[in-house]
Amino acid sequence: MQSGLGLEYIGMTNWKISTDTCPRSDRANLWQRAMDQLYMPACIYAEGFEAFHGDVACLNTPMGVEFARISGSPFKISGKSEDQPYSMWLALLLEGDFALHYQGLSLQVEAGDLIYAPTGVDMSLSMASDFTVLYIKIPQDMLHSRLLNPSLIDVGYIPRDQAAYRVFTSMLESLSQHLDEIDATLLRPVEIAISEFLITTLIQQSKVQEFGSTAKMLHFRRICQHIDNHLSDPALSLGTVADQCHVSARYVQKLFETSGDSFVHYVRIRRLERCRCELGNPEYDHLSVSDICFRWGFNDAAHFSRVFRKAFGMTPREYRRKSSAALAS
């Protein structure tokens, strides 16, 4: 089905375009409309638009994550788009030669690299050859602002030498290959993986400025990872974490104070995030709200309901109903 934008919609959640489907005189307009749909800034073409070819396949999930596979001939995306709400984006560079330009600096990035930034940042990404990119935009409510300080998240890339990175990007590469075939309602596990990966990775990078020391930041990262691995244990405490990480409880407290957080708050929010993921995932429909809260270390269902509502603006049951309705629509 063609829309007024010249985009071909496949069902309610997928759309695609190809510049090959329209006369040459209309291609620049069609491509810019596709970029506008993705909230991309202005495009600059290496050899003029007459020689340009481009394709986009886009899928939007019920929870608001946008996946777009973008391919084409050399061009440059430059500037910023200010008419969209705050969110984060990731771009997995699948094929081609790229350069990232930001605040007067240029960084050569290669196929296989994963770059990220908040929306609304003034930057440029140049594609010097034919290219393919998987672009992912994550809504703000999937990245809890009390864990990730938006003002401290900048443009960057995630190193490829980490095993967790390779597993994560392998999943994204497979998703890109099958984007045209996937039912968006079945992508909830992928959404969870993306939000968890971003939180556990970027929470450390967003706090480097506050620590002022790479060593302290790495200590903090290891402690946070240890906590995340033991969230289901109701006996998790400052003392047990300090003992198991071979540091003092006061040192752990100081690290959290430096980050602008506290141990108790961090544990509570991370448990709430895990509960929220399962409440929104139909694979856990067989579990009651109480079952899920106890699975993640809460020991009082009424207390869990109160803190969940304070964090997310609705009760756990309301959130589950809202998520089920979004998946059914």
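We count residues from 1, following the sequence as given.
At distances below 3.5 Å, not a single donor-acceptor pair connects side-chain atoms of S174 with backbone N or O atoms of M171. Side-chain atoms of S129 come within 3.5 Å of backbone N or O of D97 as a donor-acceptor pair. D228 places no side-chain N or O within donor-acceptor distance of the main-chain N or O of Q225, the cut-off being under 3.5 Å. Side-chain atoms of S176 never come within 3.5 Å of backbone atoms of L172 as a donor-acceptor pair (strictly under, hydrogens ignored). Under the 3.5 Å distance criterion, the side-chain polar atoms of R274 are left unmatched by any main-chain donor or acceptor of L231.
The shortest distance between side-chain heavy atoms of C224 and Y266 falls below 4.5 Å. No side-chain heavy atom of L90 sits less than 4.5 Å from a side-chain heavy atom of I115. Using a 4.5 Å heavy-atom cutoff, the side chains of V241 and L236 are in contact. In this structure, E66 and C58 have side chains that are in contact, with non-hydrogen atoms separated by less than 4.5 Å. Taking 4.5 Å as the limit, some side-chain heavy atom of V307 sits within range of a side-chain heavy atom of L272. Side-chain contact check for H53 versus D130: every heavy-atom pair is 4.5 Å or farther apart. Under the 4.5 Å side-chain criterion, counting only non-hydrogen atoms from C-beta, I17 is not in contact with R33. In this structure, the side chains of L100 and F98 stay at 4.5 Å or more apart for every pair of heavy atoms.
Rounding to the nearest 0.5 Å places OG1 of T169 at 11.0 Å from CG of L93. Rounding to the nearest 0.5 Å places CZ of F312 at 8.5 Å from SG of C275. Remark: L114 CG to L92 CG distance equals 5.5 Å, nearest 0.5 Å. Here the straight-line distance linking atom OG1 of T119 with atom NZ of K137 works out to 7.5 Å at 0.5 Å rounding. How far CG of L175 is from CG of L187: 6.0 Å, rounded to the nearest 0.5 Å. With rounding to the nearest 0.5 angstrom, the CG atom of L238 is 10.0 Å from the CZ atom of R250.
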Next item on the list: Could you give me the CA-CA distance, side-chain angles and deciding distance for T258 and F220, then say whether side chain to side chain contact (heavy atoms under 4.5 Å, CB included) is met?
Entry: CA-CA 10 Å; T258 301; F220 183 67; over 6 Å; no
Next item on the list: Would you check, one step at a time, whether the test side chain to side chain contact (heavy atoms under 4.5 Å, CB included) holds for H219 with V247?
Entry: CA-CA 10 Å; H219 288 166; V247 294; over 6 Å; no
Next item on the list: Start with the C-alpha gap between W296 and R270, add the side-chain angles, then the distance that decides, and say whether side chain to side chain contact (heavy atoms under 4.5 Å, CB included) holds.
Entry: CA-CA 9 Å; W296 289 108; R270 292 301 283 145; over 6 Å; no
Notebook entry, point to check: What do the steps show when you test Y135 against R69 for side chain to side chain contact (heavy atoms under 4.5 Å, CB included), and what is the final call?
Noted result: CA-CA 6 Å; Y135 173 77; R69 186 183 63 242; over 6 Å; no
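R24 pairs by the salt bridge (charged side-chain N to carboxylate O under 4.0 Å, His left out) definition with nothing, not counting sequence neighbours. Considering only residues two or more places apart in sequence or on other chains, D36 meets the side chain to side chain donor-acceptor pair (under 3.5 Å) condition with Q32. Residues meeting the ring-ring contact (aromatic ring centres under 6.0 Å, His included) test with Y319, sequence neighbours left out: F308. Under the side-chain contact (heavy atoms from CB on, under 4.5 Å) criterion, D243 pairs with no residue, sequence neighbours left out. With sequence neighbours left out, F168 forms a ring-ring contact (aromatic ring centres under 6.0 Å, His included) with F197. Listed by chain and residue number, K76, S78, H101 satisfy the side-chain contact (heavy atoms from CB on, under 4.5 Å) test with S124 (two or more places apart in sequence, or in another chain). Partners of S71 according to the side chain to side chain donor-acceptor pair (under 3.5 Å) rule, which considers only residues two or more places apart in sequence or in another chain, do not exist here. Every residue two or more places apart in sequence or in another chain was checked for a salt bridge (charged side-chain N to carboxylate O under 4.0 Å, His left out) with R27, and none qualifies. For R321, there are no side chain to side chain donor-acceptor pair (under 3.5 Å) partners, not counting sequence neighbours. Applying the side chain to side chain donor-acceptor pair (under 3.5 Å) test to S73 and every residue at least two apart in sequence or in another chain returns nothing. Under the ring-ring contact (aromatic ring centres under 6.0 Å, His included) criterion, H226 pairs with H230, not counting sequence neighbours.
With no hydrogens or angles considered, no side-chain donor-acceptor pair links T21 and S18 at under 3.5 Å. No side-chain N or O of S262 forms a donor-acceptor pair with one of E257 less than 3.5 Å apart.
Across all non-hydrogen atoms, the minimal contact from L179 to N14 is O-ND2, 3.9 Å. The nearest pair of heavy atoms linking A68 to V56 is CB-CG1, 4.4 Å. Between A117 and M123, the closest heavy-atom pair is CB-SD, 4.2 Å. What you find for S248 and A242 is that their closest heavy atoms are C-CB, 3.7 Å. The minimum heavy-atom distance between D122 and G79, with the atom names listed, is OD1-CA, 3.4 Å.
For F131 and F75, the gap between ring centers is short of 6.0 Å. Checked against the 6.0 Å centroid criterion, the rings of H265 and F256 do not qualify as a close aromatic pair. Taking the centre of each ring, Y116 and W89 stay at or above the 6.0 Å mark.
Salt-bridge check for E273 with R276: passed, with a basic side-chain N closer than 4.0 Å to an acidic carboxylate O. Here D55 does not pair with K16 in a salt bridge; the nearest charged N to carboxylate O distance is not below 4.0 Å. A salt bridge is absent between R320 and E278: the closest approach of a Lys/Arg side-chain nitrogen to an acidic carboxylate oxygen does not fall below 4.0 angstrom.
If you chain together hydrophobic residues whose side chains sit under 4.5 Å apart, L287 and F294 never meet in one group.
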Side-chain atoms of residues 298-306: list all donor-acceptor pairs with protein atoms under 3.5 Å, sequence neighbours left out, distances to 0.1 Å.
residue : atom : partner : partner atom : Å
D300    : OD1  : A302    : N            : 2.9
D300    : OD1  : H303    : N            : 3.0

